[in-house]
Amino acid sequence: MRSFDARLWLAAAPDDTTARRPFEDSLFTRGVLMAEPGTYAAVREAVQYAEG
């Protein structure tokens with residue numbers, strides 16, 4: 001599941017643990033791929049990478 005899709009699913013059902021897991025997994029994966037320990041830093045690095 002793509003990160004954006006997981007975020008939409010979680011936004012539609014914030015209390016649903018089934019929706020939360022894919023979102024958390026996507027954040028973890030982004031952190032590993034961007035070699036950043038924190039979510040904020042990983043997302044920032046991913047955005048900078050995508051923007052060129």
Side-chain angles (χ1 to χ4, degrees):
M1 174 175 284
R2 295 179 52 160
S3 178
F4 184 75
D5 295 334
R7 188 176 64 155
L8 289 177
W9 186 19
L10 182 60
D15 295 330
D16 184 1
T17 56
T18 305
R20 181 171 299 280
R21 182 62 188 250
F23 180 73
E24 290 174 350
D25 288 348
S26 71
L27 292 178
F28 176 79
T29 301
R30 182 173 290 133
V32 170
L33 291 173
M34 302 313 289
E36 293 289 342
T39 302
Y40 177 79
V43 170
R44 185 187 66 232
E45 290 294 321
V47 168
Q48 289 176 353
Y49 177 80
E51 289 178 347

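FYI, the numbering just counts along the sequence from 1. What you see below is based on every heavy atom in this structure, not just the backbone, and it leaves out hydrogens, waters and symmetry mates.
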Discussion item. I need the minimum non-hydrogen distance between D16 and W9, along with the two atoms involved.
Written reply: OD2-NE1, 4.3 Å
Worksheet entry | Closest contact, heavy atoms only, A42 versus G31 | CB-CA, 3.5 Å
Worksheet item: Above 12 or not: heavy atoms from other molecules or residues under 6.0 Å from CZ of R21?
Response: no
Worksheet item: Do V47 and F23 belong together in a cluster built from hydrophobic side chains that touch within less than 4.5 Å?
Response: yes
Worksheet item: Minimum heavy-atom separation for A13 to A19, with atom names?
Response: O-CB, 4.0 Å
Worksheet, complete the sentence: OG1 (T17) and CG (L10) are apart, to the nearest 0.5 Å, by 10.5 Å
Discussion item. Checking the side chain of R20 only, and the main-chain atoms of D15 only, is there a donor and an acceptor separated by less than 3.5 Å?
Written reply: no
